[in-house]
Amino acid sequence: MRKLLLGIDIGSSSIKASLLDSKSGKSICSKAFPEKEMIINSPEKGWAEQDPATWWKYVKQASKFVLSQAEVKSGELKGIGIAYQMHGLVVVDKNKNVLRPSIIWCDSRAVEIGEKAFSDLGEEYCLSHLLNSPGNFTASKLRWVIENQPELAAKIHKIMLPGDYIAMMLTGEILTSETGLSEGVFWDFKENGISTQVLKNYQIDESWIPKVVPSFSIQGGVTASASEATGIEVGVPVTYRAGDQPNNAFSLQVLKPGELATTAGTSGTVYGVCDEPLYDPQSRVNTFVHVNHTKEKPSYGVLLCVNGTGILNSWLNKLLGGHKIGYPEMNMLASQAPIGSDGLVFIPFGNGAERILQNQNIGSHLLGLDLLTHNKNHVIRAAQEGIVSALTYGFRIMQDMGMNLKTVKAGHANMFLSPLFRKTFVHMNNVVLELYDTDGAQGAARGAGIGAGIYASENEAFHGLELLETVEPNASFLDVYEEVYQNWKNKLESIKNLN
């Protein structure tokens, strides 16, 4: 009998399920829903919301699809892993009914609340205990609900992150994890527990916080109603949960100090692991509990996040005709423009407040446009160079923190499908890039295998992980890409000074 593992990745664009054969370490079936990107609702400028019921709808469809396609038999599925978009807020009443749409990661409404808390709690406390400014994270979003929707807040029974909600729908259990609470800035790293100071400052009822379980652990079994809805056998346990960026790093076997992972989907990230609680004094990059953290053997993830990356490429695709032009053709057109795009500069922000800009929301800008010189090839290339430049801006903050950044791992997906994007990333950052055949759903499935005890060790869980390509920098291109970056940075500083 096969021993199968199901990974579910709750993104803001789509929900993906992957079924992994634990023996071969290979995905035997995967599927993402919907066919087009999920809608992010923005009732007011700077807001970003999704209905958790929409996530659950597509979890049901994706699970049923992969289980049916793989002809999974009774007893074969051994565990479920859940990865999810970080920093979102889901609130439910005592009957487990969702009280309002989820305020998701790129929502900017709570920026001022976080800044006030940083002042009230004190910089020293926030940086030494929370390793972050409270910022625009989940705790601040919850405080916004308390202040602006008091009648709704009075009905709150529990708060959850997006993955906690999906786990609840599967098992009926309302639980969370240390890594989840740290990403919401509820976690006191010095006390190794929930921050009573944050709860007190934000007037958050401690009873709202779910019970904490390890990322790798038995976290409840699938209920009869969830089984009927998803096709998953009753009793199959949820055995892993983690935010998308810690999970993406895990999926690439980034578990030790000095190892790094990167993504460039809707948002772009670089995530590095360290064994010391490093932090950026300006909270432009953020430190959270990594998935393999224990009190005895601490493990921290330093996260650089740029909201406006792949979403800019998607916006350009729609502007250029959507279905009439595919991303491979866009990449080909971009490669026909010279390095530096003949002086055209794209500032890629415009998807909410940016942490690397200290929560400024400066928007997206196309600068230096020459109507006699530039065409769509230049615009597409400038967008890709602008996205890499934004990642480089944060990358250098991480270097200033003392992190050793030489080799970066990525899944062969999203923006990293573009040879031009890969070349720009490698040369602008002077790093070696390793591309793997994996994604967040596969990572969640491997995590489920560890949590279920299918794998005896972390190394065993990565049997079957395939390295597809290694991209190394060419010394002759380093100076020219550094010039591109410095030009981009100068334009960014000019815009920041105007805001």
Side-chain angles (χ1 to χ4, degrees), residues 5-12 15-18 20 55 59 79-88 90 104-105 137-138 160-168 170-171 173-187 210-220 237-256 259-263 265 267 269-274 286-294 297-303 305 409 411 438-452 454-455 458 461-462 465:
L5 301 162
L6 177 64
I8 301 170
D9 190 4
I10 314 301
S12 48
I15 309 298
K16 187 171 187 178
S18 183
L20 195 80
W55 305 333
V59 166
I80 304 165
I82 300 171
Y84 58 88
Q85 48 174 294
M86 297 171 71
H87 317 305
V90 179
I104 67 170
W105 58 278
F137 295 110
T138 312
M160 288 176 278
L161 296 155
D164 300 332
Y165 167 78
I166 295 301
M168 180 197 76
L170 287 169
T171 68
E173 302 282 345
I174 302 179
L175 303 169
T176 193
S177 64
E178 287 184 15
T179 183
L181 290 176
S182 74
E183 75 180 65
V185 193
F186 292 103
W187 195 254
K211 178 183 174 182
V212 180
V213 295
S215 291
F216 304 100
S217 61
I218 304 296
Q219 303 166 17
V238 171
T239 55
Y240 169 79
R241 73 180 74 194
D244 51 9
Q245 298 313 319
N247 176 73
N248 176 67
F250 170 76
S251 72
L252 293 160
Q253 204 175 0
V254 171
L255 295 164
K256 298 174 183 176
E259 297 179 335
L260 294 107
T262 185
T263 63
S267 64
T269 66
V270 177
Y271 184 98
V273 176
C274 55
N286 303 99
T287 305
F288 306 118
V289 171
H290 195 31
V291 293
N292 61 339
H293 173 87
T294 63
K297 192 176 180 181
S299 183
Y300 308 99
V302 179
L303 174 63
C305 181
K409 299 179 180 182
T438 190
D439 57 30
Q442 285 188 47
R446 294 183 194 277
I450 294 175
I454 299 297
Y455 297 124
E458 290 174 350
F462 292 96
L465 180 63

| message | Can you confirm whether Glu183 sits close enough to Phe137 that some side-chain heavy atom of one is under 4.5 Å from a side-chain heavy atom of the other? | response | no
| message | Just verifying a value: how many Å separate Thr269 OG1 and Gln245 CD, rounded to the nearest 0.5 Å? | response | 3.5 Å
| message | Among Asp439, Asp9, Asp244, which residue satisfies the salt bridge (Lys or Arg N to Asp or Glu O under 4.0 Å) criterion with Lys16? | response | Asp439
| message | Ring centres under 6.0 Å, that's the criterion: do Tyr455 and Phe216 meet it? | response | no
| What's the shortest heavy-atom distance between Leu20 and Ala445, and which atoms? | CB-CB, 3.8 Å
| said: Could you tell me if the side chain of Ile454 sits less than 4.5 Å from the side chain of Thr239, heavy atoms only? | reply: no
| Looking at Ala242 and Val291, what are the two nearest heavy atoms and their distance? | CB-CG1, 3.5 Å
| How long is the gap from CG on Leu170 to OH on Tyr165, to the nearest 0.5 Å? | 10.0 Å
| Roughly how far, to the nearest 0.5 Å, is CZ of Phe462 from CG of Leu252? | 8.5 Å
| said: Given Gln219, which partner from the list Lys211, Arg241, Glu173 fulfils the side chain to side chain donor-acceptor pair (under 3.5 Å) test? | reply: Arg241
| field | Nearest heavy-atom neighbours spanning Ala444 and Ala83 | value | CB-N, 4.1 Å
| query | So do the side chains of Glu178 and Val212 get within less than 4.5 Å of each other, counting heavy atoms only? | reply | yes
| query | Is any side-chain heavy atom of Tyr84 less than 4.5 Å from a side-chain heavy atom of Leu161? | reply | yes
| said: For a quick test of reading the model, state the closest non-hydrogen atom pair linking Ser251 to Gly443 and the distance between them. | reply: CB-CA, 3.4 Å
| query | Can you name the closest pair of heavy atoms from Ala261 and Asn248 and give their distance? | reply | CB-ND2, 3.9 Å
| said: Looking at every heavy atom in both Ser267 and Trp105, which two are closest together, and how far apart are they? | reply: CB-CH2, 3.5 Å
| Taking the side chain as C-beta and beyond, is there a heavy-atom pair between Phe250 and Ile450 under 4.5 Å? | yes
| message | Is there a side-chain contact (heavy atoms from CB on, under 4.5 Å) between Thr176 and Leu181? Walk through the geometry before answering. | response | CA-CA 7 Å; Thr176 193; Leu181 290 176; 3.9 Å; yes
| task | Supply the atom-to-atom distance Ile166 CD1 to Trp55 CH2, rounded to the nearest 0.5 angstrom. | result | 7.0 Å
| Within the 6.0 Å centroid threshold, strictly below: Phe288 and His293 | no
| message | Let's go through Tyr271 and Thr263 carefully: what are the C-alpha distance in whole Å and the side-chain angles of both, what is the deciding distance for side-chain contact (heavy atoms from CB on, under 4.5 Å) to 0.1 Å, and is it a yes or a no? | response | CA-CA 9 Å; Tyr271 184 98; Thr263 63; over 6 Å; no
| field | Heavy-atom side-chain contact between His290 and Leu255 under 4.5 Å | value | yes
| said: When you compare the side chain of Leu5 with that of Arg446, does any pair of heavy atoms fall below 4.5 Å? | reply: no
| task | Check whether any side-chain heavy atom of Thr438 sits under 4.5 Å from a side-chain heavy atom of Leu465, and report yes or no. | result | yes
